[in-house]
2 protein chains.
Amino acid sequence: MAFSERISRLKSSLIREILAAAQRPEVMSFAGGLPAEPMLPKVEWSAMPTSVGQYGMSEGEPALREAIAAEAKALGVPCDASQVLIVSGSQQTLDLAAKLFIDPGTEVLLEAPTYLAALQAFQLFGANCIAVPQEADGPEIAALRQRLEQHKPAFAYFIPTFQNPSAVRYSEAKRDAVAALLDEFGVTLIEDEPYRELVFDAGSATPIVTRLKKASWIYTGTVSKTLLPGLRVGYLIASPDLFPYLLRLKQSADLHTNRIGQWQALQWLGSERYRSHLAELRDFYRQRRDAMQAALQEHFADLATWEVPQGGLFFWLTLKRPLDTRTLLAPALEQNVAFMPGEPFFIDPDLNPGHLRLNFSHVAPERLSEGLSRLASVVRVALAAQAA
Amino acid sequence: MAFSERISRLKSSLIREILAAAQRPEVMSFAGGLPAEPMLPKVEWSAMPTSVGQYGMSEGEPALREAIAAEAKALGVPCDASQVLIVSGSQQTLDLAAKLFIDPGTEVLLEAPTYLAALQAFQLFGANCIAVPQEADGPEIAALRQRLEQHKPAFAYFIPTFQNPSAVRYSEAKRDAVAALLDEFGVTLIEDEPYRELVFDAGSATPIVTRLKKASWIYTGTVSKTLLPGLRVGYLIASPDLFPYLLRLKQSADLHTNRIGQWQALQWLGSERYRSHLAELRDFYRQRRDAMQAALQEHFADLATWEVPQGGLFFWLTLKRPLDTRTLLAPALEQNVAFMPGEPFFIDPDLNPGHLRLNFSHVAPERLSEGLSRLASVVRVALAAQAA
């Protein structure tokens with residue numbers, strides 16, 4: 001069978017495989033990024049018109065595009081509804097961007113670590129991925145400048161607000177510095193913000209795209225983390241020079257996004273009900289974050305270091321004595337505990353051992369201590385074996 | 001701005017542009033392939049569990065995969081549910097297949113004419129498209145053998161049942177001959193069947209994939225033509241050697257298909273209610289087909305020839321004196337009539353002038369005569385100008 005050349009770079013989705021393994025009810029899963037089941041809102045469908053079942057526009061539902069543009073403008077994003085494309089979940093933005101920009105060998109700039117599924121989508125199309133190291137307040141600016149001087153990336157893909165996996169939120173200063181550098185070198189920014197609304201403190205920072213003066217940009221978000229992931233409704237907003245191409249690529253990919261999910265999303269966006277749902281969600285996740293922090297201090301204080309995340313869905317642990325955390329997966333699953341190894345979030349996994357991504361939204365607080373105790377034991381056994 | 005090389009081959013979707021132009025209510029549109037609004041079934045949502053809003057499996061909902069496999073098995077397709085992948089409309093099958101097989105220059109085999117959006121999806125990835133001429137009962141078999149002897153196509157993409165645009169239904173003999181040739185040359189078949197259920201006579205023929213003995217295959221269908229296109233729920237069934245790659249490509253494209261649409265589709269598939277809805281749909285479209293045939297005989301008998309379609313949504317007219325029908329589009333829209341020019345359905349549009357694709361499901365019968373009269377006038381004016 002002769003497949004395309006890109007299939008040699010097609011990886012299985014480790015996240016999806018771990019999620020599948022973690023589906024047994026006895027497994028405590030810290031692996032996924034799933035919203036907590038009790039916080040899925042009850043949604044009503046009875047008012048949806050039958051005409052929503054007809055074919056729709058590739059751009060998306062006009063009223064939904066207006067609502068998303070209004071929210072983005074309130075954040076300072078310079079856009080109107082004509083720049084909004086509704087997509088089948090924000091993963092699709094990555095696929096469309098890859099098609100728009102990437103030939104085999106095309107350089108793209110990513111954080112280290114970065115979102116695993118973005119890395120896979122870009123590598124599938126043959127991207128030559130260049131890494132910028134991540135610090136607690138965003139990328140190393142000197143390293144970013146050096147990468148931009150030495151390379152010609154087609155775009156920079158950054159997740160500045162509660163990054164998956166590291167939970168880093170860029171500081172104001174780093175947001176400004178990143179924008180200035182991308183303007184200086186004329187590099188397109190893809191800014192991915194699924195977690196902006198899942199914030200636990202009073203902090204906030206406007207998107208980097210609002211700080212650009214010249215560079216082209218794609219800003220992408222989703223209702224998956226705040227409403228219902230099963231709707232598969234996300235969006236991108238693009239600078240006008242990019243939008244027409246992304247629209248045509250969307251047409252070629254799947255004609256248009258499902259209209260029933262778009263209709264439901266529109267019932268929520270901008271409403272008082274949505275604001276109050278988001279407030280409840282933040283309270284709920286803040287409590288889960290706090291419970292996780294307490295349980296981690298109990299079981300992992302001697303094994304790892306971490307920052308307390310101010311938003312998003314994840315803790316990012318760094319083992320004090322690094323080992324390849326992929327080797328922990330099988331023994332952890334034997335103990336009915338699932339987690340995400342950190343290595344696949346790096347362009348060069350083998351050079352970056354010793355991180356674990358732990359989701360705090362899914363496991364009920366009363367089971368946390370037991371789950372993390374088992375996981376810590378797995379780490380201790382591996383460390384002992386390594387030392388022996 | 002440096003885009004990928006494939007963007008040089010990215011075409012706008014002519015169908016989508018004509019549909020947009022045809023959205024003014026005064027326009028009578030023979031252009032699209034839209035189901036008739038009065039035949040969109042009323043659907044119920046109140047029984048849908050909240051958990052359907054959670055992330056789902058990339059493969060699709062297990063019960064829906066079972067239902068689709070059961071229907072396919074009843075047609076003779078040798079499969080089980082593990083070979084079914086739920087996709088975001090059957091357009092997505094084309095995108096996934098293009099990713100799986102096509103590098104720049106990869107040969108693929110298509111009917112002439114073929115489905116425009118498939119041609120565009122394959123060409124976007126750089127396919128070198130090879131045409132097999134279509135006759136009233138399917139492809140010219142001698143030409144097919146010759147193409148297979150002279151080329152090494154990665155796959156053959158065929159629409160054997162009420163093809164879009166030509167409405168051709170392959171005969172039993174041609175289905176057997178196509179299967180035998182693909183087996184002989186070891187060429188993968190992609191069989192696209194959106195219109196199988198929209199049949200107006202007693203005829204039927206099992207899919208070509210049921211007749212293959214060795215070749216790999218992808219069989220694809222959708223609920224868009226029989227239930228609701230706005231759900232964006234389609235499916236593919238693949239031979240086991242292809243399925244794992246298509247699944248990973250689906251994960252990379254959009255993680256999974258929206259679950260609310262999958263849930264709704266499952267409420268219908270295989271049910272008595274669905275069977276009776278399909279029977280009503282066939283009656284309704286048969287009457288519209290008959291009304292269109294009468295109106296065409298009134299206005300186009302001297303201008304064009306055509307076969308009466310036994311299924312699907314389209315008449316395919318061949319002008320007796322060929323001209324480039326793309327030049328008719330602007331004057332037709334000035335007369336508030338929209339149609340699809342035939343040229344873009346061919347690999348080499350300029351060598352294939354003189355066809356029109358006319359949809360018969362959308363325009364109400366009482367407006368048909370007026371609409372086709374206006375369209376015939378546009379043709380007459382163009383022919384007169386050509387002769388002058």
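First the proteins, then the strands, lettered A, B, ... as listed; each starts at 1.
For a residue to count as touching a neighbouring chain, one of its non-hydrogen atoms must lie under 4.5 Å from one of that chain's; by this rule Thr188(A) touches chain B with the side chain only. In this structure, the portion of Pro41(A) lying under 4.5 Å from any heavy atom of chain B is its backbone and not its side chain. With a threshold of 4.5 angstrom between heavy atoms, Leu124(A) approaches chain B through side-chain atoms but not through N, CA, C or O. Neither the backbone nor the side chain of Lys152(A) comes within less than 4.5 Å of any heavy atom in chain B. Proximity to chain A (any heavy atom under 4.5 Å) is shown, for Ser46(B), by neither the backbone nor the side chain. For Ala98(A), the part sitting under 4.5 Å from any heavy atom of chain B is the backbone (N, CA, C, O) and nothing else. Contact annotation for Ser88(A): both backbone and side-chain heavy atoms come within less than 4.5 Å of a heavy atom of chain B.
Of all the listed residues (Arg248(A), Gln264(A), Glu44(A), Met57(A)), the one sharing the greatest number of non-hydrogen pairs under 4.5 Å with chain B is Arg248(A). Between chain B and the residues Asp103(A), Leu94(A), Asp95(A), the most heavy-atom pairs under 4.5 angstrom are made by Asp103(A). Heavy-atom pairs under 4.5 Å with chain B peak, among Phe101(A), Tyr55(A), Phe155(A), at Tyr55(A). Interface remark: of the candidates Ala121(A), Ala2(A), Ala253(A), Gly261(A), Ala253(A) forms the most heavy-atom pairs closer than 4.5 Å to chain B. In terms of heavy-atom pairs under 4.5 Å with chain B, the best-connected choice from Pro35(A), Gly32(A), Ala154(A), Gly234(A) is Pro35(A). Listed options Glu5(B), Gln251(B), Gln92(B) were ranked by heavy-atom pairs under 4.5 angstrom with chain A; first place goes to Gln251(B).
Looking at Thr50(B), its side chain never comes within 3.5 Å of a backbone N or O of Lys42(A) through a donor-acceptor pair. Side-chain atoms of Arg6(A) come within 3.5 Å of backbone N or O of Ile102(B) as a donor-acceptor pair. A distance-only check finds a donor-acceptor pair linking the side chain of Gln91(A) to the backbone of Ser252(B) [under 3.5 Å].
Between Phe3(A) and Leu242(B) the shortest side-chain heavy-atom distance falls below 4.5 Å. At least one side-chain heavy atom of Ile7(B) sits less than 4.5 Å from a side-chain heavy atom of Leu249(A). By the 4.5 Å heavy-atom criterion applied to side chains, Leu255(B) and Arg232(A) are counted as neighbours. Using a 4.5 Å heavy-atom cutoff, the side chains of Ile260(A) and Asn258(B) are in contact.
Other residues, nucleotides and ligands place no more than 12 heavy atoms under 6.0 Å from the OH atom of Tyr245(A).
Here Leu40(A) contributes atom CG and Ser51(B) contributes atom OG; the two are 8.0 Å apart, rounded to the nearest 0.5 Å.
Taking every heavy atom of both residues into account, Pro229(B) and Gln54(A) meet most closely at CG-OE1, 3.5 Å.
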